[in-house]
Amino acid sequence: MQSEKVVIVTGGGSGIGRAAALRFARQGNKVLVTGRRPGPIEETMAGHANIAGLVADAASVEDAKRTIAKAVDTWGRLDALVNNAGAGAILPLADTTADRITDIFSVNVLGPSLLAAAALPHLKARRGTIVNVSSTFGHKPAAGRSHYAASKAALEHLTRCWALELAPLGIRVNAVAAGPTESGALTGMMGLSPEQAAEIKEQERARIPLGRRGVPNDVAEWIVRLAGPTSEWMTGQVIAVDGGLGLA
Ligand SMILES: NC(=O)c1ccc[n+]([C@@H]2O[C@H](COP(=O)([O-])OP(=O)(O)OC[C@H]3O[C@@H](n4cnc5c(N)ncnc54)[C@H](OP(=O)(O)O)[C@@H]3O)[C@@H](O)[C@H]2O)c1
């Protein structure tokens, strides 16, 4: 990416979001990371002087406005929005409740929509870009993860619809669909015990054609590329970075 862009990475306190924030920052860009807990944000900020932080919930209407305002107030512009914060659960249909569905869709569908809408005037001014972070399960069915998968499918389709709608403004919209990646996601957002997480990791590794789970940098590299000048003629694409899992 060209130096001195202003980038927002939601959920930048850990995992894929932190790796993307550090990559953007090391290339000379200014980065605002968000998350609900201050501790992880502070750790990411400690990784590079170009990174600022804001405690903000990606699923909140007010916080979406505050997030965009913070970047613009700090650096005077906004070039890229990375909708990385995500929610999910192993949630068989029999255990489904309205609250749990709402939690997942609020973070994975409502949040990126609110942030993108609030960012729009600023992205228009800079001919900026949006990168959404989806999952292999946004296009590959998975038993027991239907609402997570459906929320990411919605995010992938929002990516294509926004790409068409915003192309006349010079705004590009793409997504990275990550495969199973080493992060806190299984014990964090998926709510599994360490033992359950270890079992699922092994099952996933065995199914991935390239024989390993990803690391955050595998995915971050493509987030940064899609936001940057080498992708100037790409929009509406969902790039699978998943060791081939989507094919298996
Ligand atoms: N790891 C995988 O295997 C995998 C695979 C496919 C797709 N993905 C996607 O990749 C993205 C990043 O996940 P990850 O694996 O890096 O997970 P992670 O390590 O758990 O990081 C998620 C980050 O998002 C933040 N976050 C969660 N809900 C938020 C909210 N409502 N508002 C603001 N921040 C929020 C969390 O911080 P707080 O808790 O402090 O808010 C955390 O720092 C997600 O969209 C996920 O669906 C991950």
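Computed from a predicted structure; not experimentally measured. One-based numbering, in listed order, for ligands and for the atoms of each.
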Heavy atom of the protein closest to atom 32 (N) of ligand 1 (residue, atom name, distance): Ala58 N, 2.7 Å

Heavy-atom proximity to atom 24 (O) of ligand 1, best of Ala220, Gly17, Gly11, Ala59: Gly11

Ligand 1 contact on Ser134 by region, counting heavy-atom pairs under 4.0 Å: backbone

Residue part near ligand 1, for Asn108, under 4.0 Å between non-hydrogen atoms: neither

Structural part of Lys152 in contact with ligand 1, heavy atom criterion under 4.0 angstrom: side chain

Lys201 with Glu204: basic N within carboxylate O range, under 4.0 Å: no

Sub-4.0 Å heavy-atom approach of Gly188 to ligand 1: no

Gly86 neighbourhood, listing ligand 1 atoms whose heavy-atom distance to it stays under 4.0 Å: 27 (C), 28 (N), 44 (C), 45 (O)

Residue selection (non-hydrogen contact nearest atom 18 (P) of ligand 1) among Ser14, Ser151, Gly12: Ser14

Which segment of Phe137 sits under 4.0 Å of ligand 1 when only heavy atoms are counted: neither

Heavy-atom nearest neighbour of atom 44 (C) of ligand 1 within options Val241, Ile104, Asn84: Asn84

Ligand-side contact atoms (ligand 1) for residue partner Gly184, heavy atom cut-off under 4.0 Å: 19 (O), 20 (O)

Part of Val107 with heavy atoms under 4.0 Å of ligand 1, whether side chain, backbone, both or neither: side chain

Note, Arg145 side chain near Ile90 side chain (heavy atom, < 4.5 Å): yes

Electrostatic pair Arg66-Asp63, nearest N-O below 4.0 angstrom: yes

Between OG1 on residue Thr34 and NZ on residue Lys70, distance to nearest 0.5 Å: 12.0 Å

Top protein contact for atom 9 (C) of ligand 1, by heavy-atom distance: Val133 CG1, 3.9 Å

Pair Glu43 + Arg37: basic N to acidic O under 4.0 Å: no

Over all atoms of both residues, closest heavy-atom pair of Ile16 and Ile223: CG2-CD1, 3.6 Å

Pairing of Glu156 and Lys152 as salt bridge, 4.0 angstrom limit: no

Distance from atom 15 (O) of ligand 1 to nearest protein heavy atom, with residue and atom: Ser183 OG, 2.6 Å

For ligand 1, the portion of Arg36 having any non-hydrogen atom under 4.0 Å away: both

Heavy-atom nearest neighbour in the protein, as seen from atom 3 (O) of ligand 1, with distance rounded to 0.1 Å: Thr181 N, 2.8 Å

Atom 4 (C) of ligand 1 - nearest protein heavy atom and its distance: Gly179 O, 4.1 Å

Sidechain N-carboxylate O distance under 4.0 Å for Arg205, Glu202: yes

Main-chain N/O of Val238 paired with Arg160 side-chain donor or acceptor, under 3.5 Å: no

Structural part of Ala56 in contact with ligand 1, heavy atom criterion under 4.0 angstrom: backbone

Contact summary for Val7 and Asn29, nearest pair of heavy atoms: CG2-CB, 4.3 Å

Protein residue, atom and distance nearest to atom 35 (C) of ligand 1, heavy-atom basis: Ala85 CB, 3.6 Å

Gap separating the CG atom of Leu110 from the CD1 atom of Ile104, nearest 0.5 angstrom: 14.0 Å

Protein contact of atom 31 (N) of ligand 1 - nearest heavy atom, named by residue and atom, plus distance: Asp57 OD1, 2.8 Å

Atom 36 (C) of ligand 1 [closest protein heavy-atom partner, distance rounded to 0.1 Å]: Arg37 NH2, 4.3 Å

